[in-house]
Protein chains: 2
Amino acid sequence: MAEPTRTDKRQHIVETAYALFKRVGFHATGIDRIIAEADVAKMTMYRHFPSKDDLMVEVLGYRAGRFERQLDRLAEQAATPERKIGTIFDWYGRWFHSADFHGCLFAHALAEFGDPAHPVFQAAARQKNDLKRRMRLILEEMMPADEADSTSAALLMLIEGATLMARMGQPAAAIRDARKAAMAMLAARGRPQ
Amino acid sequence: MAEPTRTDKRQHIVETAYALFKRVGFHATGIDRIIAEADVAKMTMYRHFPSKDDLMVEVLGYRAGRFERQLDRLAEQAATPERKIGTIFDWYGRWFHSADFHGCLFAHALAEFGDPAHPVFQAAARQKNDLKRRMRLILEEMMPADEADSTSAALLMLIEGATLMARMGQPAAAIRDARKAAMAMLAARGRPQ
DNA sequence: CGATAGTGAGACAGGTCTGTCTATCTATGC
DNA sequence: GCATAGATAGACAGACCTGTCTCACTATCG
């Protein structure tokens with residue numbers, strides 16, 4: 001009964017690969033290392049994922065899904081648009097300070113796979129676009145659509161930049177300054193230029 | 001006379017490696033490809049650079065120096081702090097639209113080399129810190145030091161995030177939204193919260 | 001002319017990479 | 001009990017990786 005079922009193996013490979021890609025990188029992580037740490041045979045991995053590319057895409061999808069579900073839960077608890085955006089920044093603040101923070105896996109994927117036609121590039125870009133859309137929909141509750149679009153873009157930039165700064169060893173300053181700028185951006189709305 | 005001098009070879013290797021690292025990535029670019037495209041012997045490269053790590057650090061330093069010199073020249077022409085910041089965003093806007101834009105080499109280096117003790121990581125982080133310091137010094141002409149610090153951090157985040165969005169295929173929207181947010185940030189200064 | 005320093009071409013070592021294949025084992029469903 | 005599907009270990013292919021080494025060549029300087 002402690003025996004893992006078939007589909008468990010698949011998920012176990014995904015999670016092991018996720019941990020390695022995050023810590024070590026995509027190119028720098030070899031198949032041999034993934035199967036060694038996951039403790040599965042090579043053919044088991046290749047049965048589930050025809051190639052390393054497929055595995056990377058699956059890992060990114062898995063991570064993106066987990067991220068979306070967490071933000072969904074947080075959004076429910078917040079009443080106003082400002083607070084909803086605030087909970088997103090809160091999430092990033094906690095993430096920056098978590099023990100196994102190694103930067104954004106999606107940004108790293110975009111960095112390592114420069115070809116926009118590559119499935120890994122596309123899977124990573126999808127997550128960024130999804131996050132921007134999420135924030136845009138929130139902002140549309142409090143401002144016109146075009147303004148919500150440019151503001152959500154700016155918020156996404158702050159988040160991505162803050163993640164980079166956190167990665168460079170300044171997690172506390174990163175989230176503080178990003179949050180401050182974001183809140184000022186929302187509070188200043190409607191004021192005369 | 002059309003013959004290249006000795007030190008030219010060294011610089012030629014650096015520039016060829018730079019073009020490849022930018023387009024292809026650090027791990028994905030092999031020594032063999034660098035020397036093939038630079039049209040030099042392998043031993044010539046290894047005489048100048050004891051290892052690939054050394055070459056990568058040199059490439060990052062070369063690129064950072066070129067960047068700094070360009071910003072120095074632009075800063076001279078601008079009168080007010082606001083305009084100086086504006087010229088930096090202008091530079092990024094032109095870069096985003098240039099033919100061989102492939103994202104930020106330093107951000108990619110940070111993504112591929114996760115260990116903060118790695119010389120490549122450090123060389124890349126240095127450029128980000130230098131850019132932040134440059135903007136902080138400009139902002140200190142118009143605001144107190146602590147405010148200049150957090151504002152320069154926010155501006156750096158906008159720039160890094162905009163670079164990521166430009167890389168994902170939206171260069172025009174990226175620089176427009178980043179610039180708009182940055183200018184609003186500076187204009188709103190002193191207004192009551 | 002001769003010495004020296006940089007360069008060239010390429011073999012080579014030792015390791016790693018992705019992906020394939022075989023042959024054996026095991027667990028579940030009927 | 002038995003068939004089937006999934007898992008196992010490990011060899012293997014063929015390519016690529018970094019870095020070393022040898023030996024011949026060339027250009028400059030005195």
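All chains are named by letter (A, B, ...) in the order of the sequence lines, taking the proteins before the strands, and each is independently numbered beginning at 1.
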To the nearest Å, how far apart are A:F26 CZ and C:dT18 P? 13 Å
The remaining residues in the hydrophobic cluster of B:M43, counting side-chain heavy-atom contacts under 4.5 Å among Ile, Leu, Val, Met, Phe, Trp and Tyr, are none
Tell me the interatomic distance from B:D54, atom CG, to D:dT18, atom C1', rounded to whole angstroms. 13 Å
Please determine, for the side chain of B:A41, which listed nucleotide (D:dG6, C:dG8, D:dG19) has the closest atom? C:dG8
Which residues pass the salt bridge (Lys or Arg N to Asp or Glu O under 4.0 Å) test with A:D146, sequence neighbours left out? none
For the side chain of A:K52, starting at C-beta, report the closest nucleotide among D:dG19, C:dG8, C:dT18. C:dT18
In whole Å, I'd like the distance from the CG atom of B:D53 to the P atom of D:dC17. 16 Å
Could you give the side-chain donor-acceptor pairs of residues 165-176 of chain B under 3.5 Å, partners two or more places apart or in another chain?
from: B:R167; atom 1: NE; to: B:H108; atom 2: NE2; distance (Å): 3.4
from: B:R167; atom 1: NH1; to: B:H102; atom 2: O; distance (Å): 3.4
from: B:R167; atom 1: NH2; to: A:L110; atom 2: O; distance (Å): 3.3

Can you check whether A:T44 has a side-chain N or O nearer than 4.0 Å to OP1 or OP2 of D:dG6? no
Checking A:K180 against B:S150: is there a side-chain donor and acceptor pair closer than 3.5 Å? yes
How many whole angstroms separate atom OH of B:Y46 from atom P of D:dC17? 11 Å
With a cut-off of less than 4.0 Å, is there a side-chain N or O of A:K9 near OP1 or OP2 of D:dT8? yes
Between atom CD1 in B:I13 and atom P in C:dT7, what is the gap in whole Å? 8 Å
Looking at every heavy atom in both A:A38 and A:H12, which two are closest together, and how far apart are they? O-NE2, 3.0 Å
Whole angstrom value for the distance that separates P of D:dG19 from CD1 of B:I35: 13 Å
Please compare A:R47 and A:T29 by the position of their nearest nucleotide in DNA chain C and report the one closer to 5'. A:T29
Whole angstrom value for the distance that separates C1' of C:dA9 from CE of B:M45: 16 Å
Which listed nucleotide (C:dG8, C:dT18, D:dT20) is nearest to the side chain of A:I31? C:dT18
In whole Å, I'd like the distance from the CZ atom of B:F49 to the C1' atom of D:dT18. 16 Å
Looking at A:H27, I'd like to know whether one of its side-chain N or O atoms comes within less than 4.0 Å of OP1 or OP2 on D:dC17. no
Of the candidates D:dT8, C:dC17, C:dG8, the side chain of A:D32 sits closest to C:dC17
Just to be sure I understand the rule, does B:D39 reach a base, reach only the sugar-phosphate, or reach nothing, if contact means heavy atoms closer than 4.0 Å? sugar-phosphate
I'd like a table of donor-acceptor pairs (distance under 3.5 Å, sequence neighbours excluded) in which one partner is a side-chain atom from residues 52-65 of chain A, with atom names and distances.
from: A:K52; atom 1: NZ; to: A:F26; atom 2: O; distance (Å): 3.0
from: A:K52; atom 1: NZ; to: A:T29; atom 2: O; distance (Å): 2.8
from: A:D53; atom 1: OD2; to: A:H118; atom 2: NE2; distance (Å): 3.3
from: A:D54; atom 1: OD2; to: A:S51; atom 2: N; distance (Å): 3.4
from: A:D54; atom 1: OD2; to: A:S51; atom 2: OG; distance (Å): 2.5
from: A:E58; atom 1: OE2; to: A:R10; atom 2: NH1; distance (Å): 2.5
from: A:Y62; atom 1: OH; to: A:R66; atom 2: NH1; distance (Å): 3.3
from: A:R63; atom 1: NE; to: A:Y18; atom 2: OH; distance (Å): 2.8

Between A:H48 and D:dG6, is there a contact of a side-chain N or O with OP1 or OP2 at under 4.0 Å? no
Distance-only criterion, 3.5 Å: show the donor-acceptor pairs between side-chain atoms of residues 121-128 of chain A and protein atoms not counting sequence neighbours.
from: A:Q122; atom 1: NE2; to: A:P116; atom 2: O; distance (Å): 3.2
from: A:K128; atom 1: NZ; to: A:E160; atom 2: OE1; distance (Å): 3.2
from: A:K128; atom 1: NZ; to: A:E160; atom 2: OE2; distance (Å): 2.9

Which nucleotides of nucleotides 10-15 of chain C have their base under 4.0 Å from a protein heavy atom (B), which only their sugar-phosphate (S), and which neither (-), written as one string 5' to 3'? B-----
So with a 6.0 Å cut-off around CZ of A:R83, is the heavy-atom count from everything else above 12? no
